[in-house]
**Student:** 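Input: one structure, supplied below.
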Amino acid sequence: MRAAPSAEFTEAVLAVVAAIPPGRVMTYGDVAAVLGSRAARAVGNVMSWYGSDVPWWRVIRASGRPAAGHEDRALEHFRAEQTPLVTTDGGGYRVDLRRARHDPA
DNA sequence: AAGTTGACTTTCG
DNA sequence: TCGAAAGCCAACT
């Protein structure tokens with residue numbers, strides 16, 4: 001285990017993630033931006049620790065791919081929520097950020 | 001106080 | 001469009 005974020009930071013992140021509507025997604029950087037910071041990595045840490053209590057699959061990387069190692073589980077949710085996806089030739093996939101990106105403002 | 005780590009981002013080739 | 005390298009932030013040792 002590595003560096004559990006402070007309670008303040010954790011609650012703030014969970015609140016933002018929980019506010020993302022179904023079928024939409026936000027990048028780690030976006031979530032951090034809402035908190036007034038650029039700690040995208042710290043956001044990832046919060047997900048690894050408390051992600052089980054929020055729709056963590058709606059938080060993805062700027063590349064349009066979900067958290068590393070969780071792509072399979074995330075795909076199930078995306079298909080269930082009809083999130084805009086882009087299937088790649090290699091059998092992989094990626095979220096269509098241009099359409100699915102959620103703007104909290 | 002300095003070094004290490006991570007569900008990241010951006011820039012360059 | 002893809003991969004490698006450097007940059008950044010927060011928290012731990």
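First the proteins, then the strands, lettered A, B, ... as listed; each starts at 1.
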**Student:** Looking at A:F9 and A:A39, what are the two nearest heavy atoms and their distance?
**Tutor:**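 Result for this residue pair: CZ-CB, 4.1 Å.
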
**Student:** Reckon A:A32 touches a base, only the sugar-phosphate, or nothing at all at heavy-atom distances under 4.0 Å?
**Tutor:**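 It contacts nothing in the nucleic acid.
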
**Student:** For A:P5 versus A:N45, what's the shortest heavy-atom pair and its separation?
**Tutor:**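 Where A:P5 meets A:N45 most closely, the heavy atoms are CG-CB, 4.0 Å.
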
**Student:** Would you check if there is a donor-acceptor pair between the side chains of A:W57 and A:E76 at a distance under 3.5 Å?
**Tutor:**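 On atom types as modelled, these side chains do not qualify, holding no pair under 3.5 Å.
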
**Student:** Where along residues 81-96 of chain A does a heavy atom fall under 4.0 Å from DNA chain C?
**Tutor:**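 Output list: A:R94.
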
**Student:** Does the pair A:V25 and A:V59 meet the rule for a side chain to side chain contact (heavy atoms under 4.5 Å, CB included), with working shown?
**Tutor:** CA-CA 6 Å; A:V25 299; A:V59 183; over 6 Å; no

**Student:** Whole angstrom is fine here: how far is it from CG in A:L35 over to P in C:dA10?
**Tutor:**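 Whole-Å distance recorded here is 10 Å.
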
**Student:** Reckon A:S6 touches a base, only the sugar-phosphate, or nothing at all at heavy-atom distances under 4.0 Å?
**Tutor:**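 Sugar-phosphate only.
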
**Student:** Considering only residues two or more places apart or on different chains, which pairs with a residue in residues 87-96 of chain A satisfy side chain to side chain donor-acceptor pair (under 3.5 Å)?
**Tutor:**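 Those involving residues 87-96 of chain A are A:D96-A:R99.
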
**Student:** Using 0.5 Å steps for rounding, measure from the CZ atom of A:R101 to the CE atom of A:M26.
**Tutor:**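 With rounding to 0.5 Å, CZ (A:R101) is 8.0 Å from CE (A:M26).
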
**Student:** For a stem of at least 3 consecutive Watson-Crick or G-U pairs with distances under 3.5 Å, i pairing with j, i+1 with j-1 and so on, which stems involve DNA chain B?
**Tutor:**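 For DNA chain B the paired stretches long enough to count as stems (3 pairs minimum) are B:2-6 with C:9-13, B:8-13 with C:2-7.
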
**Student:** For A:R101 and B:dT9, give me the distance from atom CZ to atom C1', rounded to whole Å.
**Tutor:**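 My rounded result for the distance is 11 Å.
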
**Student:** What integer distance in Å separates A:M26:CE from B:dT9:C1'?
**Tutor:**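 Between C1' of B:dT9 and CE of A:M26: 15 Å.
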
**Student:** In this structure, how many angstroms lie between the C1' atom of B:dA7 and the NE2 atom of A:H77, rounded?
**Tutor:**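 A:H77 atom NE2 is separated from B:dA7 atom C1' by 14 Å.
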
**Student:** Going from OG1 on A:T83 to CZ on A:R58, what distance comes out if it is rounded to the nearest 0.5 angstrom?
**Tutor:**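 Spacing of OG1 (A:T83) from CZ (A:R58) equals 7.5 Å.
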
**Student:** Just grab all the side chain to side chain donor-acceptor pair (under 3.5 Å) pairs involving residues 4-25 of chain A, residues at least two apart or on different chains.
**Tutor:**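 Qualifying pairs: none.
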
**Student:** Which value, rounded to the nearest 0.5 Å, describes the distance between A:I60 atom CD1 and A:F78 atom CZ?
**Tutor:**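 So the gap between those two atoms works out to 5.5 Å.
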
**Student:** Tell me which donor-acceptor pairs under 3.5 Å the side chains of residues 65-74 of chain A have, and how far apart each pair is, sequence neighbours excluded?
**Tutor:**
none

**Student:** Could you measure the distance from the CG atom of A:L97 to the OG1 atom of A:T27? Nearest 0.5 Å is fine.
**Tutor:**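 One finds 7.5 Å between CG of A:L97 and OG1 of A:T27.
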
**Student:** Identify, residue by residue, the members of residues 37-62 of chain A with a heavy atom below 4.0 Å from DNA chain C, and return them in order of residue number, or none.
**Tutor:**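 Heavy-atom cutoff 4.0 Å gives A:S37, A:R38, A:A39, A:R41, A:A42.
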
